[in-house]
There are 2 protein chains.
Amino acid sequence: MVALRASGRRVSAARRLVLEALYAADEPLSAEQIAGGLDGRVPRSDLASVYRNLETLERLGLVQHVHLGHGAGLYMRAGGGAREYLVCDSCGAHRTVEPHALDGVRRLIRADLGYEARFSHFPIVGLCRECAAHRGGG
Amino acid sequence: MVALRASGRRVSAARRLVLEALYAADEPLSAEQIAGGLDGRVPRSDLASVYRNLETLERLGLVQHVHLGHGAGLYMRAGGGAREYLVCDSCGAHRTVEPHALDGVRRLIRADLGYEARFSHFPIVGLCRECAAHRGGG
DNA sequence: ATACTTGCAAATGATTTGCCAGTGT
DNA sequence: ACACTGGCAAATCATTTGCAAGTAT
């Protein structure tokens with residue numbers, strides 16, 4: 001909230017709603033879930049406003065989003081609670097890992113390719129151990 | 001084409017168009033580019049048909065697609081000519097690498113996380129060497 | 001001849017934009 | 001008071017689907 005005020009933006013009810021939803025969730029949420037419109041509930045904020053606010057908050061570095069597959073983007077708080085994702089191409093399962101679990105991988109990518117890799121926007125896609133065992137290379 | 005016939009599908013002009021476009025291109029193409037409708041040209045095949053054919057060809061393993069950012073999916077031939085992608089979050093540049101350039105990374109991911117990673121559907125996103133040098137961690 | 005395919009139109013899903021009324025500071 | 005915001009409707013973009021007519025085998 002401080003960051004919002006500092007940037008000259010206002011702290012409105014709709015923005016509170018977005019931030020509270022993201023801080024309460026232990027999974028990344030779609031814009032529609034954040035609006036409150038899923039599970040047959042009546043949306044507590046307009047979808048368009050949610051998207052606008054997510055964009056604002058993302059620009060301020062308070063929020064980030066991932067694309068786990070072909071569906072809607074999923075939003076989560078940035079910083080402390082952020083996770084990185086692995087999704088299985090075969091069974092569709094997705095699993096989160098703490099950022100430091102990928103530190104070695106990032107280091108190797110930096111050494112091999114000169115890239116400072118982030119796995120926060122797109123997940124690492126592949127075969128999980130079980131599916132790889134069952135189907136081999138795919 | 002052989003694979004098409006073998007699967008009971010037909011070899012139509014529209015399918016030839018898709019495959020020829022993908023084999024001729026040295027960059028992955030959007031469905032719209034494949035249809036021929038970009039650059040003010042008149043499409044030579046309907047977009048819906050292109051999408052249907054891309055899906056068919058992808059299911060047969062002849063084609064694959066990537067999402068380099070938020071825009072349309074980009075299609076390329078699978079197998080021999082396929083590349084993997086690195087995109088820079090900061091300058092937007094994207095660069096392709098031969099699949100084996102990521103073998104070491106894949107090996108490490110297998111060892112650390114038990115995943116058989118593929119970087120063919122989503123790129124590795126991060127900061128390229130230049131942007132990392134200019135802006136640090138981001 | 002028959003099942004697979006196409007083009008065209010309309011539907012869908014996600015996200016964005018225009019506009020005017022409402023509200024935080 | 002005034003610029004920033006929210007809600008609502010309509011627009012946009014990428015992709016999918018229904019259907020009748022066309023075509024590869």
Side-chain angles (χ1 to χ4, degrees), chain A residues 1-22 28-38 41-60 62-76 121-122, chain B residues 1-22 28-38 41-60 62-76 121-122:
Chain A
M1 312 274 183
V2 191
L4 268 176
R5 283 212 180 74
S7 75
R9 317 281 157 79
R10 294 175 186 173
V11 179
S12 63
R15 289 202 177 128
R16 274 213 177 72
L17 171 67
V18 170
L19 286 174
E20 279 166 14
L22 295 181
L29 303 176
S30 69
E32 191 151 17
Q33 290 175 306
I34 295 169
L38 258 33
R41 256 172 283 155
V42 178
R44 289 181 296 162
S45 174
D46 192 80
L47 243 192
S49 303
V50 171
Y51 276 112
R52 274 189 288 236
N53 285 329
L54 285 169
E55 194 199 330
T56 299
L57 295 170
E58 191 151 19
R59 200 186 317 257
L60 292 177
L62 301 178
V63 161
Q64 64 183 75
H65 75 275
V66 255
H67 296 279
L68 293 190
H70 282 177
L74 300 177
Y75 297 78
M76 65 187 121
H121 188 65
F122 289 132
Chain B
M1 312 272 183
V2 192
L4 269 176
R5 284 213 180 73
S7 74
R9 317 278 156 80
R10 293 175 187 173
V11 178
S12 63
R15 288 201 176 128
R16 274 211 177 72
L17 171 67
V18 169
L19 287 173
E20 279 165 14
L22 294 181
L29 303 175
S30 68
E32 191 150 18
Q33 289 175 307
I34 295 169
L38 258 32
R41 256 171 283 155
V42 177
R44 288 181 295 162
S45 173
D46 191 80
L47 244 191
S49 302
V50 171
Y51 276 112
R52 274 187 289 234
N53 285 328
L54 285 170
E55 195 200 328
T56 298
L57 296 169
E58 192 152 16
R59 199 186 316 255
L60 292 176
L62 301 177
V63 161
Q64 65 184 77
H65 75 276
V66 254
H67 296 279
L68 293 190
H70 282 177
L74 300 177
Y75 296 78
M76 65 187 121
H121 188 64
F122 289 131

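Chain A is the first sequence line, chain B the second, and so forth, proteins listed ahead of strands; every chain is numbered from 1.
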**Message:** How long is the straight-line distance from CD1 of Ile34(A) back to CG of Leu22(A), given to the nearest 0.5 Å?
**Reply:** 4.5 Å

**Asked** Counting just side-chain N and O atoms, does Ser45(A) come under 4.0 Å of either OP1 or OP2 of dG6(D)?
**Response** no

**Asked** Going by heavy atoms in the side chains, are Val63(A) and Asn53(A) under 4.5 Å from each other?
**Response** no

**Check: Leu57(A) and Leu4(A) side chains under 4.5 Å, non-hydrogen atoms** = yes

**Prompt:** In whole Å, what is the span from the CZ atom of Arg10(B) to the C1' atom of dG22(D)?
**Reply:** 10 Å

**Item:** Gap between atom CZ of Arg59(A) and atom CG of Leu54(A) - 0.5 Å precision
**Value:** 12.0 Å

**Message:** Counting the benzene-type ring for Trp, do His67(A) and His121(B) have ring centres under 6.0 Å apart?
**Reply:** no

**Value in whole Å for how far the P atom of dC13(D) lies from CG of Leu74(B)** = 17 Å

Under 3.5 Å between N/O atoms: give me all the protein pairs with nucleotides 16-20 of chain D, atom names plus distance.
| residue | atom | partner | partner atom | Å |
| --- | --- | --- | --- | --- |
| dG18(D) | O6 | Arg52(B) | NH1 | 3.2 |

**Asked** Donor-acceptor pair, His65(A) side chain versus Met76(A) backbone, under 3.5 Å?
**Response** no

**Asked** When rounded to the nearest 0.5 angstrom, what is the spacing between OG in Ser45(A) and CZ in Arg15(A)?
**Response** 10.5 Å

**Prompt:** Start at the 5' end of DNA chain D and walk down; is the nucleotide closest to Ala31(B) or to Val11(B) reached first?
**Reply:** Ala31(B)

**Fill in**
Between CG of Leu17(A) and C1' of dG7(D) the distance, given in whole Å, is 14 Å

**Prompt:** Please give, in whole Å, the distance from dT5(D) P to Arg44(A) CZ?
**Reply:** 20 Å

**Message:** Regarding Gly73(B), tell me which of base, sugar-phosphate or nothing describes its non-hydrogen contacts under 4.0 Å with the strands shown.
**Reply:** sugar-phosphate

**Fill in**
Taken to the nearest 0.5 Å, the spacing of Leu60(A) CG from Arg9(A) CZ works out to 5.0 Å

**Complete:** Nt span of DNA chain C in reach of chain A heavy atoms at under 4.0 Å, 5' end first, is dA14(C) to dT25(C)

**Of Val50(B) and Ser12(A), the one whose closest DNA chain C nucleotide lies more 5'** = Val50(B)

